K.L.:
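Next up is a structure, given as structure tokens.
As the structure is a computational prediction, the values presented were derived from the model and not from experiment.
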There are 2 protein chains.
Amino acid sequence: MLSLNNDSDIPLYSQLSTQIMESIVRGDLSTGDTLPSVRVLAGDLGVNMHTVNKSYHELESKGIIEIVPKKGAVIKANEQKISAKRIEILSEEFRPIVVEALVNGMKKEEIHQIITNIIIKIKKED
Amino acid sequence: MLSLNNDSDIPLYSQLSTQIMESIVRGDLSTGDTLPSVRVLAGDLGVNMHTVNKSYHELESKGIIEIVPKKGAVIKANEQKISAKRIEILSEEFRPIVVEALVNGMKKEEIHQIITNIIIKIKKED
DNA sequence: AATCTGTTCTATTTCGTCTATAACAAACAT
DNA sequence: ATGTTTGTTATAGACGAAATAGAACAGATT
């Protein structure tokens, strides 16, 4: 179930993108499935149409979905091999958080444990 | 050496905070060391005094440094035991990036490898 | 005594987010 | 065929964060 938090400092469209990606990881959404129209989902979530539209385009730029104008948004099959460029982008996103963990005295294994727990958490939630 | 990127979508004060934390992790800054005054560092980096001030206060809120009014900013000793609350905060920050990695088809071990590489990279840089 | 320090205040510019409304042309449903 | 739904595009406004600028203050340093 999707739900956005207005009080968060994370933009609504980013929250939505992340939650849709979580649904895919969890298996609730699979390759070929279509997402609700921007108007319908906006109505369900109580946000503006453009906010949902922005999220969909963010997902499209990440290669997660395909937007067919006048038709809808479809979940794409995930690439079998992740590109080196994508890994580089992910690394840059991970970096500041890893630094913060390290400066707090955490060891590599403890950070790995946090990652492991997050993965477990994502796959268990509904 | 500190250097900020004006074209980045990451705020200047956040970039600065991260780089200072990296210096600590790397050992270039140790407990008891004092940071440059907000005016001096701002001059070196070519940014406004308030931008550096904001970074220092962000670091103080994270418990990394201590600001003594009219004196300066000093690197604090890192807590021997990281609090559960801090781990929770870090987890929430890690989460969306982990999701993005998973939706790209990465496995747990591959994400661990990215983390490991980041740590190596941080400690090697100058 | 002069300088340097972080602090506080006011002000302005710029940009991203979010909302709102409207119109368009293509796809779809009945 | 008609009416609805679709994503797209455009314009507009409100709001807050980021960043800059300049000035003044009082305590610490030299």
K.L.:
Closer than 4.0 angstrom, basic N to acidic O: yes or no for Arg86(B) and Glu100(A)?
P.N.:
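The answer is yes: the pair qualifies as a salt bridge.
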
K.L.:
Give the dot-bracket string for DNA chain C, reading 5' to 3', where a pair is Watson-Crick or G-U wobble with both distances under 3.5 Å, ( ) marks pairs inside the strand, [ ] marks pairs crossing earlier ones, | marks a partner on another strand, and . marks unpaired.
P.N.:
||||||||||||||||||||||||||||||

K.L.:
Do Leu4(A) and Thr51(A) make a side-chain contact, defined as non-hydrogen atoms from C-beta onward lying under 4.5 Å apart?
P.N.:
no

K.L.:
Checking Glu110(A) side chain against Lys107(A) main chain: does a donor-acceptor pair fall under 3.5 Å?
P.N.:
yes

K.L.:
Could you encode protein contacts along nucleotides 13-25 of chain D as a string, one character per nucleotide from 5' to 3', using B for base contact, S for sugar-phosphate-only contact and - for no contact, with a heavy-atom cut-off of under 4.0 Å?
P.N.:
-----SSBBBB--

K.L.:
Can you check the Tyr56(A) OH to dT6(D) C1' distance for me, whole Å?
P.N.:
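Nearest whole value for this atom pair: 12 Å.
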
K.L.:
Below 4.0 Å from chain B heavy atoms, what is the first contacting nucleotide of DNA chain C and what is the last?
P.N.:
dT5(C) to dC9(C)

K.L.:
May I ask you to check whether over 12 heavy atoms, not counting those of Lys71(A), lie within 6.0 Å of atom NZ?
P.N.:
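No, because the 6.0 Å sphere around NZ of Lys71(A) holds 12 heavy atoms or fewer from other groups.
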
K.L.:
Under the 3.5 angstrom rule, does the side chain of Gln19(B) hit a backbone N or O of Ser3(B) as a donor-acceptor pair?
P.N.:
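Yes, Gln19(B) side chain to Ser3(B) backbone: donor-acceptor pair under 3.5 Å.
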
K.L.:
Is it true that a side-chain atom of Gln15(B) and a backbone atom of Ile10(B) form a donor plus acceptor pair closer than 3.5 Å?
P.N.:
yes

K.L.:
Between Lys71(A) (NZ) and dT6(D) (C1'), how many Å, whole number?
P.N.:
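For the pair Lys71(A) NZ and dT6(D) C1', the rounded distance is 11 Å.
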
K.L.:
Checking the side chain of Asn104(A) only, and the main-chain atoms of Met106(A) only, is there a donor and an acceptor separated by less than 3.5 Å?
P.N.:
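The answer is no, because no donor-acceptor pair under 3.5 Å joins these two groups.
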
K.L.:
Is a donor on one side and an acceptor on the other found under 3.5 Å between the side chain of Glu93(A) and the backbone of Ile97(B)?
P.N.:
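No, Glu93(A) side chain to Ile97(B) backbone: no donor-acceptor pair under 3.5 Å.
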
K.L.:
About how many Å separate CD1 of Ile122(A) and NZ of Lys124(A), when rounded to the nearest 0.5 Å?
P.N.:
13.5 Å

K.L.:
What distance separates Ile67(B) CD1 from Leu59(B) CG, expressed to the nearest 0.5 Å?
P.N.:
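One gets 8.0 Å once the value is rounded to the nearest 0.5 Å.
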
